[in-house]
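Before any comments, here is the structure.
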Amino acid sequence: MSKSKNRLIPVSMLVMFSVWGFVALHHGDYIPEPLGIFIFAMIMIAGIYAFFVHMRLYKEEKEGFAVEDELSRQIQYKAGYYSFNASLGIWFAIFAFQQFIPDTETMLGGGLLLSMIVFMGIRAYLRRS
């Protein structure tokens with residue numbers, strides 16, 4: 001299990017650089033904006049996190065543990081509550097600094113991705129404590 005985790009990070013970075021390389025070659029002299037790189041990095045983080053969560057759930061199910069119990073449901077609800085409160089602040093900051101964001105689609109996508117990343121972080125913190 002640890003070998004596959006250690007191999008996942010370089011493979012995901014390789015995939016990310018491959019996608020950016022393809023986009024750069026396809027568009028010729030395309031240089032990605034810092035905001036575009038940030039959004040792409042958030043998507044990669046979310047994908048890697050989801051992969052690890054599903055690997056852990058598969059391992060626990062294979063060992064005979066219950067996939068979901070009362071404690072995990074309560075952690076999910078508590079993480080949802082905290083991340084909802086945090087996402088309100090995120091959306092307020094996004095609308096306050098709207099002049100730095102190039103278009104509405106980037107603003108909407110970035111806000112949703114940030115809210116998702118915050119939820120994943122809070123849920124991971126609550127599971128450990």
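Residue numbers start at 1 and run along the sequence shown. The figures here come from the full heavy-atom set of this structure, side chains too, leaving out hydrogens, waters and symmetry mates.
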To the nearest 0.5 Å, atom CZ of R123 lies from atom OG of S83 at 10.0 Å
Residues joined to F84 in its hydrophobic cluster, side chain to side chain under 4.5 Å directly or through other members, sorted by chain and number, are L88
Heavy-atom closest pair (I122 atom, A79 atom, distance to 0.1 Å) is CG2-CA, 3.8 Å
Spell out, yes or no, whether I117 and F119 are grouped together once hydrophobic residues are joined by side-chain heavy atoms under 4.5 Å, including indirect joins. no
Residues at least two apart in sequence or cross-chain that pass side-chain contact (heavy atoms from CB on, under 4.5 Å) with I94, listed by chain then number, are I90, W91, I101, M107
